[in-house]
Amino acid sequence: MTIRTRFAPSPTGLLHIGGARTALFNYLFSRHYGGEFLLRVEDTDRERSTDAATQVILEGLEWLGIRHDGQTVFQSSRQSRHAEVAWQMLEAGHAYRCYLSPAELTAMREQAAAEKRPFRLVSPWRDRDPADAPSDVKPVIRLRAPREGETVVEDLVQGTVRVANVELDDMIILRSDGTPTYQHAVVVDDHDMAITHVIRGDDHLTNAFRQSQVYQANGWDIPRFAHIPLIHGADGAKLSKRHGAVSVLEFREQGFLPEALCNYLLRLGWGHGDAEILSRDEAIALFDLDGVGRAASRMDYAKLTNLNAHYLRQADNDRLTADVVARLGVTDPAVIARVRALMPGLRERARTMVELAASATFLTRVLPFDFDMKAAALLTPEAKVMLAEVATTLESGPFTSEAIDAALRGIAEASGRKLGQVAQPIRAALTGTTTSPPIDATLVALGRDEALARIRAAAA
RNA sequence: GUCCCGUUCGUCUAGAGGCCUAGGACACUGCCCUUUCACGGCGGCGACACGAGUUCGAAUCUCGUACGGGAUACCA
């Protein structure tokens, strides 16, 4: 049997990291078993769904490199099929028309609350003669759920979960306006799409009971369920805007690489021995549902950042340069060349693209520029004399890393200074700061003309 | 309220009755390396929520308590 999974977001907001991880797990699981991964946009709530949100979800998945198979299914386009199934269930006696008005429902609920007893709706219309139906109320269609026994869900992550059927009331499958409810639509769609494994957040665990009943009423095979724990904020509370970046696209803005985010998300709630760094291929080879934990996990930016630094160090220099140049708004080919030249040294020192870009800004400066406090302090009268000497020395000879290194060591030795005492003032002159990649590489990236101009300006 | 789920270092996790004096990673921290900043290397700190029980033996099994989370919609 071909394994088929799906990711079914509702386009009512952003693609947050919890959703992204759910998509990742579905994707990895299907790939691991050589199956298919489908995408279904659950836009049945017309009020809250927007095209913009759909686009954000699509863009987020693409950025993360989570590709789905086949056409994207829009749930709204399947409403007639949902209704059709509802009518069939009605005809077969697995569902019934309920004429309870919203007002009556509210009254029943309030009374139950007042009496401090749990509210379990038992609709009088479940067994009442439809001939008694009031003519002024448009009915909803409710599932005729079993009243006795229990419903059991064999969950691949949570284990066997069971609930007494008396706890579950007859849910609405078709609203009075003829539109399907989510609980019904999901089942019909998953069945029609031949989904074999439903992997989703555990906030849906209790929905699985009701959905199982719909499958059973229709005589359909129930897919395997896997309810994965939610991701919480660093404070342990449910993820929300106040936790900083929530949307995956925000992570992109904050300078995280998609491969780093995927690796981080994979390890959040899933483990495989001591494996920490996993490429996409390794993840596909190793991923399985038995490695998924049951407890909610917290978002940890420090770990994400550390992972990002790892991937930054092995990323392609041209790719990083393009990103940095875009973030800095640089268009001058000469400056772009400097950034590219120094990229191997820069990327060793940054943890995010934002930091990388910041570390490259000195390459875009135009004389005269400001020095930060520490850099300015390095430019003592004595240092300025030395800088003039350095400038003179570097005027001739090959302007290569090796030659520059040799020349600077010569100056240090001749003047009885440590190399650091020579390099730091040069670094200050070149960058206006006290940190940069190795001084020889920095000089080479800037080019002889620009480098000497900066050193002379600082020596003056 | 009721139903369902969960609980190992600060965080992510390894752990499927003896291999656990509980391992790894991040964070924090000491030292080394060093051309600044990083990287790296070697150390340190640090956890089985609590209480009963089963067992020769429990982080691992059972029950209870506490604390979290989710669900209880003509939302998804």
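Naming convention: chains lettered A, B, ... in sequence-line order (proteins, then strands); numbering from 1 in each chain.
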Round to the nearest Å and state the distance from A:D300 atom CG to B:U11 atom P. 10 Å

On RNA chain B, more 5' by nearest nucleotide between A:G420 and A:S297 is A:S297

A:Y301 atom OH is separated from B:C28 atom C1', nearest whole Å, by 21 Å

Assign A:G269 to base, sugar-phosphate, or nothing according to its heavy-atom contacts below 4.0 angstrom with the strands shown. sugar-phosphate

Watson-Crick or G-U counterpart of B:C45, or none if no pair lies under 3.5 Å: none

Heavy atoms from C-beta onward define the side chain here; which of B:A25, B:C39, B:C74 lies closest to that of A:K303? B:A25

Does A:T44 have a side-chain nitrogen or oxygen under 4.0 Å from the phosphate oxygens OP1 or OP2 of B:A76? yes

Any-strand Watson-Crick or G-U partner of B:G1, both distances under 3.5 Å: B:U72

Spacing of the P atoms in B:A71 and B:G30 (rounded, Å): 45 Å

Quick check for you: among B:C12, B:A76, B:G6, whose closest atom lies nearest to any side-chain atom of A:S10? B:A76

Nucleotide of B:U35, B:U13, B:C74 approaching A:R427 most closely (side-chain heavy atoms): B:U35

Selection from B:U36, B:G24, B:C3 that lies nearest to any side-chain heavy atom of A:P438: B:U36

What is the distance, rounded to the nearest whole Å, between atom CG of A:N308 and atom P of B:C26? 15 Å

To the side chain of A:Q75, which of B:G6, B:A76, B:C74 is closest? B:A76

Checking contacts here: which listed nucleotide (B:A73, B:A76, B:A38) is nearest the side-chain heavy atoms of A:R349? B:A38

So A:D440, base contact, sugar-phosphate only, or nothing? Heavy-atom distance under 4.0 Å. base

Could you tell me how far B:C31 sits from B:G68 if I compare only their P atoms? Round to whole Å. 41 Å

Which part of the nucleic acid, if any, lies within reach of A:D405 when heavy atoms closer than 4.0 Å are counted: base, sugar-phosphate only, or nothing? base

Anti or syn - B:C4, cut at 90° from 0: anti

Counting only heavy atoms not in A:E115, do more than 12 fall under 6.0 Å of its CD? yes

Looking across every strand, which nucleic acid part, if any, lies under 4.0 Å from A:Q183 by heavy atom: base, sugar-phosphate, or nothing? base

In whole angstroms, how far is the P atom of B:U34 from the CD atom of A:E348? 18 Å

Look at the rings of A:Y215 and A:F225 and say which category their plane angle falls in: under 30° parallel, 30 to 60° tilted, over 60° perpendicular. perpendicular

Which part of the nucleic acid does A:R162 contact within heavy-atom distance under 4.0 Å: base, sugar-phosphate only, or nothing? sugar-phosphate

Between A:H197 and A:F29, is the gap from one ring center to the other below 6.0 Å? yes

What's the closest nucleotide to the A:R267 side chain, out of B:C12, B:U35, B:A76? B:C12

Under 4.0 Å, counting only non-hydrogen atoms across every strand here, what does A:E276 touch: a base, just sugar-phosphate, or nothing? base

Determine the contact category for A:L312: base if any of its heavy atoms lies under 4.0 Å from a base atom, sugar-phosphate if only primed atoms, P, OP1 or OP2 are that close, otherwise nothing. nothing

Rounded to whole Å, how long is the line connecting atom CZ of A:R298 with atom P of B:G68? 12 Å

Answer with base, sugar-phosphate or nothing: what part of the nucleic acid does A:H204 contact at a heavy-atom distance below 4.0 Å? base

Heavy atoms from C-beta onward define the side chain here; which of B:C5, B:U35, B:A76 lies closest to that of A:L205? B:C5

Should we say atom CD of A:E104 is surrounded by more than 12 heavy atoms from elsewhere, each under 6.0 Å from it? yes

Mind checking A:L268 for me? I need base, sugar-phosphate or nothing, with any heavy atom below 4.0 Å counting as a touch. sugar-phosphate

With a 4.0 Å cut-off on N to O distance, would you call A:R319 and A:E259 a salt bridge? yes

Under 3.5 Å donor-acceptor, A:R347 side chain and A:R313 backbone: yes

Complement of B:A22, any strand, by Watson-Crick or G-U distances under 3.5 angstrom: none

What is the ring orientation for A:F25 with A:F287, classed by angle as parallel under 30°, tilted 30 to 60°, or perpendicular over 60°? tilted

Please work out if A:V140 contacts a base, only the sugar-phosphate, or nothing of the nucleic acid, heavy-atom cut-off 4.0 Å. base

Whether the side chain of A:S436 and the base of B:C37 hold a donor-acceptor pair under 3.5 Å is what I'd like checked. no

Please check if atom CG in A:D316 has more than 12 non-hydrogen atoms from other residues, nucleotides or ligands closer than 6.0 Å. yes

On the nucleotide B:C74, are OP1 or OP2 found under 4.0 Å from the side-chain N or O atoms that A:T179 carries? no

Tell me: CG of A:N207 to C1' of B:A71, nearest whole Å? 7 Å

Paired to B:G40 by Watson-Crick or G-U wobble criteria (both distances under 3.5 Å) is B:C32

Among the nucleotides B:C37, B:G40, B:A73, which one has an atom lying closest to any side-chain atom of A:F119? B:A73

Which whole-number value in Å describes the distance from A:L304 CG to B:U11 C1'? 12 Å

Can you tell which of B:C74, B:C5, B:G10 lies closest to the side chain of A:R109? B:C74

On the 0 to 90° scale, with breaks at 30° and 60°, tag the A:H204-A:Y182 ring pair as parallel, tilted or perpendicular. tilted

In whole Å, what is the span from the CG atom of A:L266 to the C1' atom of B:A25? 14 Å

Is A:T12 touching bases, backbone alone, or none of the nucleic acid, heavy atoms closer than 4.0 Å? nothing

Regarding A:P9, tell me which of base, sugar-phosphate or nothing describes its non-hydrogen contacts under 4.0 Å with the strands shown. nothing

Write down the distance separating the C1' atoms in B:C50 and B:U7, rounded off to the nearest Å. 11 Å

